[in-house]
Chemist: 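So that we are looking at the same thing, I have put the structure below in structure tokens.
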Amino acid sequence: GRYSEWARLCLAQALMAQGRDVMARRELKELRQSGDAELARRARLMFNESELQLGRQKVVGERLSREADQSNPEVVYLSARAAFQAGRLEEAAAKIQELLKGSAGGARLHHAAALLEAEILLAMNRPAAAQTALLRFIDKTLNGEFQHEAFNLLRRAREAFAPEEDNPLPPEVPGWIASENKPGRQADALFLAALWLAEKNRKVEALGLLESLLAVHAGHRLES
């Protein structure tokens, strides 16, 4: 009936969330030509998002440039990611900063944009700026959907510091460890602090934190 195309769009979204992008694109390819303009737009953007995973940033960038509403937050975000993957870092940074200035697009898109900004800063060899942005994001973000990815980026940022640079453990990290109301963040913070202690050859203290992580957060993705 009249909801069949929207059901297929939802199916494609579920398939993408499972990492089954090939099957998702089969649903989306036809939906891009739907007579429902809003549904067709969403299908186009989802199809482009999926193709960015395949490294097709050039063709995706060309398609996005033909979208009628260039100020649409989703178009801006995907254009920024396409530019980033193509190595056009200044262009990508400008698009993301413009997106982050406003509130349009919703919290989830802004969280994804904040992490893309950190990726861009890392690619620009600005690990200190990336670390500052990620600390702010982790500290203030209530939604934990992107939390683990943010911590992965934070570890990458810290690893990118030059060996001679002083890079102490950020004061936010002990605060996250002490806070029990966000257990996922606490676990990632314990791991980050343990890595830092191990690098400082303070292995007994590092082991203590890792034992705490294993005891309190059994089944966490960092358990292994």
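Not measured: the values here are computed from a predicted model.
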Chemist: Taking Gln85 as the fixed residue, which of Lys58, Arg56, Gln57, Glu119 is the one that meets the side chain to side chain donor-acceptor pair (under 3.5 Å) rule?
Modeler: Gln57

Chemist: Under 3.5 Å, which donor-acceptor pairs link side chains of residues 150-162 to any protein atom two or more places apart or in another chain?
Modeler:
{"unit_1": "Asn152", "atom_1": "OD1", "unit_2": "Arg155", "atom_2": "NH2", "d": "2.3"}
{"unit_1": "Arg158", "atom_1": "NH1", "unit_2": "Gln131", "atom_2": "OE1", "d": "2.9"}
{"unit_1": "Arg158", "atom_1": "NH1", "unit_2": "Asn167", "atom_2": "OD1", "d": "3.2"}
{"unit_1": "Arg158", "atom_1": "NH1", "unit_2": "Pro168", "atom_2": "O", "d": "3.3"}
{"unit_1": "Arg158", "atom_1": "NH2", "unit_2": "Asn167", "atom_2": "O", "d": "3.2"}
{"unit_1": "Arg158", "atom_1": "NH2", "unit_2": "Pro168", "atom_2": "O", "d": "3.4"}

Chemist: Without placing hydrogens or testing angles, list every side-chain donor-acceptor pair under 3.5 Å for residues 186-198, not counting sequence neighbours.
Modeler:
{"unit_1": "Gln186", "atom_1": "OE1", "unit_2": "His217", "atom_2": "NE2", "d": "2.9"}
{"unit_1": "Gln186", "atom_1": "NE2", "unit_2": "Ile177", "atom_2": "O", "d": "2.7"}
{"unit_1": "Asp188", "atom_1": "OD1", "unit_2": "His148", "atom_2": "ND1", "d": "3.1"}

Chemist: What is the distance from atom CZ of Arg8 to atom CD of Glu27, rounded to the nearest 0.5 Å?
Modeler: 5.0 Å

Chemist: If only atom types and distance count, is the side chain of Ser65 paired as donor or acceptor with the main-chain N or O of Glu62 below 3.5 Å?
Modeler: yes

Chemist: Would you call Glu67 and Arg44 a salt bridge, taking side-chain N to carboxylate O under 4.0 Å as the test?
Modeler: yes

Chemist: Can you tell me if CZ on Arg126 sees more than 12 non-hydrogen neighbours from other groups inside 6.0 Å?
Modeler: no

Chemist: Test your reading of the model: is there a side-chain donor-acceptor pair from Ser4 to the backbone of Gly1, 3.5 Å cut-off?
Modeler: yes

Chemist: Flag yes if more than 12 heavy atoms outside Glu30 fall under 6.0 Å of its CD atom; otherwise flag no.
Modeler: no

Chemist: Nearest 0.5 Å, what's the NZ-CZ distance between Lys95 and Arg81?
Modeler: 14.5 Å

Chemist: Decide side-chain contact (heavy atoms from CB on, under 4.5 Å) for Thr141 and His111; before the verdict, give the C-alpha distance in whole Å, the side-chain angles of both, and the deciding distance to 0.1 Å.
Modeler: CA-CA 8 Å; Thr141 304; His111 293 169; 3.4 Å; yes

Chemist: Has the side chain of Ser50 got a donor or acceptor atom that lies under 3.5 Å from a matching backbone atom of Met46?
Modeler: no

Chemist: Leu28 pairs by side chain to side chain contact (heavy atoms under 4.5 Å, CB included) with which of Gln13, Met23, Met16?
Modeler: Met16

Chemist: Counting N and O atoms only, with roles assigned by atom type, does the side chain of Glu223 sit under 3.5 Å from a partner on the main chain of Gly219, one being a donor and the other an acceptor?
Modeler: yes

Chemist: Evaluate the criterion side-chain contact (heavy atoms from CB on, under 4.5 Å) for residue pair Leu115 and Leu134; output intermediate values, then yes/no.
Modeler: CA-CA 7 Å; Leu115 295 193; Leu134 289 164; 3.8 Å; yes

Chemist: To the nearest 0.5 angstrom, please state how far the CZ atom of Arg88 sits from the CD1 atom of Ile120.
Modeler: 11.5 Å

Chemist: Taking only residues two or more places apart in sequence, or in another chain, which ones meet Glu38 in a salt bridge (Lys or Arg N to Asp or Glu O under 4.0 Å)?
Modeler: Arg41, Arg42

Chemist: Kindly indicate, with the supporting measurements, whether the criterion side-chain contact (heavy atoms from CB on, under 4.5 Å) is fulfilled by Leu64 and Tyr77.
Modeler: CA-CA 10 Å; Leu64 290 169; Tyr77 172 78; over 6 Å; no

Chemist: Under a 3.5 Å distance rule, please check whether Glu117 uses its side chain to pair with a backbone N or O of Ala133 as donor and acceptor.
Modeler: no

